[in-house]
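Proteins come first, then strands; the chains are lettered A, B, ... in the order of their sequence lines, and each starts at number 1. Just so you know, these numbers use all the heavy atoms, side chains as well, and skip hydrogens, waters and symmetry mates.
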Amino acid sequence: MTPDRYNAREAEARWQKIWDERGIFATQNDDPRPKYYVLEMFPYPSGRIHMGHVRNYTMGDVVARVKRAMGMNVLHPMGWDAFGMPAENAAMERKVHPKAWTYDNIAAMKKQLKSMGLSLDWSREIATCDPRYYKHQQKMFLDFLGAKLVEREKRKVNWDPVDQTVLANEQVIDGRGWRSGALVEQREMSQWVFKITKFSQDLLTALDTLDRWPEKVRLMQKNWIGRSEGLLVRFALDKATTPTGENELEIFTTRPDTLFGAKFMALAPDHPLATAAAKKNPALAAFIEECKHRGTAQAEIDTAEKLGFDTGIKAIHPFDKDWKLPVYVANFILMDYGTGAIFGCPAHDQRDLDFVNKYGLGNVPVVCPLGQDPKTFVITDTAYDGDGRMINSRFLDGMTIVEAKEEVAKRLEQDTAGNRPVAQRQVNYRLRDWGISRQRYWGCPIPVIHCEKCGVVPVPEKDLPVTLPEDVTFDRPGNPLDHHPTWKNVSCPQCGGKARRETDTMDTFVDSSWYFERFTDPWITTAPTDMTVVNRWMPVDQYIGGIEHAILHLLYSRFFTRAMKQTGHVDLDEPFAGLFTQGMVVHETYKRQNGEWAAPAEIKIEGDGNSRHATLLATGEPIEIGAIEKMSKSKRNTVDPDDIIGSYGADIARWFMLSDSPPERDVEWTERGVQGAWRFSQRLWRLVGEGAEISQSAPETRPAAFSPEAAKLRKAAHKALANVTADIEKLHFNVCVAHIYEFANALNTIIGDMGSENGAKEGAAPTPDFRWAMREAVNILVQLFHPMMPHLAEECWAALGHQGLVAQAAWPQVETALLVETTMTLPVQVNGKRRGEVTVARDAGNQDIEAAALALDAVQTALAGKPPKKVIIVPGRIVNVVV
RNA sequence: GCGGACGUGGCGAAAUGGUAGACGCAAGGGACUUAAAAUCCCUCGGGGAGAAAUCCCUGUGCCGGUUCGAGUCCGGCCGUCCGCACCA
């Protein structure tokens, strides 16, 4: 009654069309059922989807389909993170307009995503480059500006002098621009910044509430925010030694306990005092200039020598007015942490020790490890940062570090004779404000106008969106918006005078910081969100994406949601209640004789197990099989999803992505594995066909009683159902797959046994109760694999005679009574070692179980006639006899 | 340097502190076939006893600890991977 082979190619397109025509994945905002919002990180429209997308979206789709079957109103949208550099690069290299390039890519990728059979609500599709989207982003920028969550600041930036643009840190490679190869300069520029640091403490504290986030991500964010507690201390300066009579220098320290070990002070090269001193000291000016040109590359920082320049300025120790410390400018002090100045305690800080050893300033240990004689405790090359007792520290001597810190803080923060206290306690964060200005065309325009008279003037709301001009050229370096002949020339909204548009655009991370809120109502034109709707849908119940976004995207989104709350666009703090970070897709690499990489599609692999060898298809040259690495264009070890879907079908790609490895770990894409998935899909098809045949003319109503064979079948089905249901909830997709295999194997065996024992295949009809149980079993089987292989499931569902779609069928109910055994078999241990097992009635009392266990030969032997010391019975689990 | 994760068969992996290795891949053996593919059946951590059913010993990177019982919890090593990093 069903064909021998399931033809994925034909069936998948057919079912996709049916889902599409019936609009079954479009979600209604007024649906009264409980909501569930599942979201995968939206893609950048690079032009083609890759296997990482397939893995990501398959996981989300499984969750969406299961939650839908469980009766929830599921929101599962898709969109495009559509602004960004690659579109401009394409424009420069291939003379296509970024907009045309982007929309072509979107069309191509949308087609690919549709071929995957994802249950997405495409009616909510968003592209961040669409003015209907960024209009609202501009509105929120203005609201943030009003709330002082956006400010204009002078900032040090990486400037590429050839491309004439600011580069992100990631775009600076070995001190050079990644595109131009030009030496990057540190420049001070006016930048728009989002005041994320206003939320530093809240962003840190609230991490504890995100109990459905990976611990790893929370920790990474915690470290990134980098809270540290310490003391701000004002050192008086010897005025006679300062350039323009400055009288104090403020430093930040987390180790005020080591104040008596101080040997020098150090300033960042761009510290105001350093700048002032340099004006009168050309040698110092030259030193500072040199520091600015030093590379920011990791390798250079690692090997960079600690260098300093003595300014001649003297600072006075806060506890001893006769104790003067030399003030250096040093290359390892950062202006943007603390106050950009430190006191150096070489004995207990490795950097300070390296510094004094170079300049011969010496060191005095002030913390002595326990068990060490202070008289013999000396520091030479290795600073001591461990615990201990204070020494060489006057009134601190003998105290612990904690006590000494407290004592110093207490003494210095006291009001001294009506003057400002010398010190105050301060909490510092590593987190910096988020600079969002980019000198680029293909981004969201920043909606402000610079007026010669009025200064910075926000674009009036009625004039939003500020749209990008389309007639731009990419034939020279710099920002095309800035080069545009007319776009930036406007009149001031306040005074009507001559004014200039802001030509910087926003960092694309802004676009992705609120798209999940926009998805809840992408149609509203008057505001970024509809408060009723967004508050109902948010937070996202399950967010799924790559670990590479652990910090930036996720932290920015957490900030943005708080800022939106403050400006009345949503009423919550945390946008993502559940977060899952999936592993990468990896593949073997193949190397040619000449050292070039070969693509999987270009080679042929022969042999098996340990004796596999590869040759190049075109020439037959031998190929070296290399390491298994992340799929990447450079290593050419990619597999195109289109090819897989074309030859095996989307279901196979989806199934294999879920089956082989736990979702958080890397999965290796192998041809063998894909073929295994394909074989199993065909096996399922046959199995459902056989099951359908057996269950023909099964009774409509549930039989009152079941034969042992039917009961066995039902038990296998409900056990699988219970297991898969539980493991899907935990996102253990690989374990779900295993349970489905197990169930299919069991079903196969049952059908096989029928053929031999009952002769059913020879014509002896199975009993009605068995036919009913078989129908139930195959229905459950199809529903269990439906989330992973939805097309095959629809085909099977139809073959089973259902009128509706399996995509709309309710998740089956587990009959827990079936999972309860009448007898149970308990392993019996002697002193924790398994010695046998006993089978007892399910409701057997502990006395009966103990008696049965003690009766075992192995236990008797171990006891050697003596009574056991103790017998531990864990109900339903195990018996342990302690001898 | 700081922080974290992980380490289980030939491979990917399972295992609320309770029978380690479910499930898959690979491999070996067999059935069917003129043959191949497909399909089906059996074996599959290591070692040993037995004609066989089966049984015994051993085993989750190494060393210790907690516990009646540890792959799982704790401490210390070794190895691999990841994040951050002149952050005072």
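Looking at heavy-atom distances under 4.0 Å, Arg218(A) makes no contact with the nucleic acid at all. Counting non-hydrogen atoms under 4.0 angstrom, Gln829(A) reaches a base of the nucleic acid. Within the nucleic acid shown, Arg430(A) comes within 4.0 Å of at least one base atom, counting heavy atoms only. Here Phe252(A) lies in heavy-atom contact (under 4.0 Å) with a base. Among the heavy atoms of the strands, none lies under 4.0 Å from Lys222(A). Within 4.0 Å of Thr253(A), counting heavy atoms only, lie sugar-phosphate atoms of the nucleic acid but no base atom. Counting non-hydrogen atoms under 4.0 angstrom, Asn428(A) reaches nothing in the nucleic acid. Across all strands shown, Asn223(A) has heavy atoms under 4.0 Å from sugar-phosphate atoms exclusively, and none from any base. Residue contacts for Asp336(A): at a heavy-atom cut-off of 4.0 Å it reaches no nucleic acid atom on any strand shown. Within the nucleic acid shown, Leu826(A) has no heavy atom closer than 4.0 Å to any nucleic acid atom. Heavy atoms of Leu219(A) sit under 4.0 angstrom from primed sugar atoms or phosphate atoms, though from no base atom.
Rounded to whole Å, atom P of C81(B) lies 13 Å from atom CG of Asp666(A).
Nearest-nucleotide positions on RNA chain B for Arg665(A) and Ile872(A) put Arg665(A) closer to the 5' end.
Between Arg351(A) and A88(B), a side-chain N or O to OP1/OP2 separation shorter than 4.0 Å is absent. Contact annotation: Arg227(A) does not reach the phosphate of C87(B) (side-chain N/O to OP1 or OP2, under 4.0 Å).
Summarising the local packing, CZ of Arg9(A) is surrounded by 12 or fewer heavy atoms from other residues, nucleotides or ligands at distances under 6.0 Å.
Side chain of Gln221(A) to main chain of Leu204(A): no donor-acceptor pair is present (N/O by atom type, distance under 3.5 Å, no hydrogens or angles). Proximity of a side-chain donor or acceptor of Arg234(A) to a complementary backbone N or O of Gln424(A) within less than 3.5 Å is not detected.
Secondary-structure stems of RNA chain B, taken as three or more successive Watson-Crick or G-U wobble pairs (i with j, i+1 with j-1) under a 3.5 Å distance threshold, comprise B:1-7 with B:78-84, B:10-12 with B:23-25, B:27-31 with B:39-43, B:45-49 with B:54-58, B:61-65 with B:73-77.
Using a 4.0 Å cut-off between a side-chain N of Lys or Arg and a carboxylate O of Asp or Glu, Lys222(A) and Glu215(A) do not qualify as a salt bridge. Ion pair Lys730(A)/Asp727(A) flagged as a salt bridge, since at least one NZ, NE, NH1 or NH2 atom sits closer than 4.0 Å to an Asp/Glu carboxylate oxygen.
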